[in-house]
Amino acid sequence: MKLLTCPLNGQRNISEFTYGGEYHPMPNPNSTSPRKWAEYVFFHDNEAGVVIEWWCHTASSFWFLAERNTVTDTVIRTFEASEIFKRRIDFVEPTSGDIT
Amino acid sequence: MSEQKPDQALRRSPLYRRHLQLNARFEELGDALVVSAYGDTGMEPRLGVSLAVADLCCLPRTGFKGPGAPDWAADQGVELPSAPNTALAQADGSLVAKLSHQELLICSDMQGHSGLIDRLNHQAPAPGVYSLPRADSHSWLAVTGLLAAEMFSKICGVDLRTHKFAQGQVAQTSIAKINGVIVRHDLGATPCFHIFSDIASTEFLWDCLLDAMEEHLGVAIGVAAIRSLAATE
């Protein structure tokens, strides 16, 4: 059984975790182009190398980030999302002209 | 001792069919009927010292979550555990478990006293505090006894041996493939692991626990035995 270290709950069997996709910084949804927004929402880089990914410890519903080498499948470190997300993000409803 | 059957009570445990199969005797606890004992009332506490499981689903419990939850609870007089994944007994006998930096689980003592829980549930909601009423979403089972950790090693990946998993520690993990919260809060000198998990899967988890306990001669016991164990030093 592979093991993964949850920043909140410690080392656990990989079966307790759910993969949540690659992490990418979010573009401003009101100023970015539809193409860039679609890439952010739907597309993965699928890079061979070190990437940052979302993982969830399903027993506690705790989402966190992992730095992983996709070539060697080695997890370099896991860390709480609060390292990146320092404040709450509120979405502003776009005016009709914002989406084309 | 009440002659009532659980299907006549206002509230009943999701395990009531299992209890009826085991010829349980019931007693009133608030508006619910809980299992007082299955067999010899005098013998059950001794079984609990070795290995047993009890259904505490009808006992009061609640929860709160959100960035303001810990400070709000402290303002209400709750003594907070120092770190996530630890639990702390309160002066009134209830137990508060901190599941993350922003989440609390609060459960009653073994008598079902709900003073603190009622008080918190009836407070006006504060900014950044969200109610998680656990009584209808999470089952509550207690596994007691010196052989409990050995039994758990078959169905749970976390090492729950008493020298590794101290009194007051909390593990959020998988138990027989069911996600759950395990809180170690001993009954007197008897190790006790409280399990909170999805209420819709309670019968499955109960059956898995009894199956895993069989080789250690573990059995189901009622709340009378649990209270008796809690009263011993």
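In what follows, every heavy atom counts, from backbone to side chain, and hydrogens, waters and symmetry copies are set aside. Chain letters run A, B, ... following the sequence lines, proteins first, then strands; residues in each count from 1.
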Check: Is the CD atom of B:E214 crowded by more than 12 outside heavy atoms at less than 6.0 Å?
Finding: no
Next item on the list: Quick one: closest heavy-atom pair of A:L8 and B:L99, and the distance?
Entry: CD2-O, 3.5 Å
Next item on the list: Calculate, to the nearest 0.5 Å, the distance between atoms NE2 and OG belonging to A:H57 and B:S100 respectively.
Entry: 13.0 Å
Item checked: B:A83 versus chain A, the contacting section by heavy-atom distance below 4.5 Å -> neither
Checklist line | chain A contact via B:V170 - which portion, at a heavy-atom distance below 4.5 Å | finding: neither
Check: Is the CG atom of B:D136 crowded by more than 12 outside heavy atoms at less than 6.0 Å?
Finding: no
Notebook entry, point to check: So what's closer than 4.5 Å to chain B heavy atoms on A:N13: side chain, backbone, both or neither?
Noted result: side chain
Next item on the list: Would you give the length of the straight line joining atom NE2 of B:H101 to atom OG of A:S82, rounded to the nearest 0.5 angstrom?
Entry: 7.0 Å
Notebook entry, point to check: Is the count of non-hydrogen atoms from other residues, nucleotides or ligands lying under 6.0 Å from A:K36 atom NZ greater than 12?
Noted result: no
Margin query: As an exercise, state the distance from CD of B:E103 to OG of A:S61, rounded to the nearest 0.5 Å.
Written below: 8.0 Å
Notebook entry, point to check: How many angstroms lie between atom OG of A:S60 and atom CG of B:N179, to the nearest 0.5 angstrom?
Noted result: 8.5 Å
Check: Would you say the side-chain atoms of A:R12 pair up with the backbone N or O of B:Q172, donor to acceptor, closer than 3.5 Å?
Finding: yes
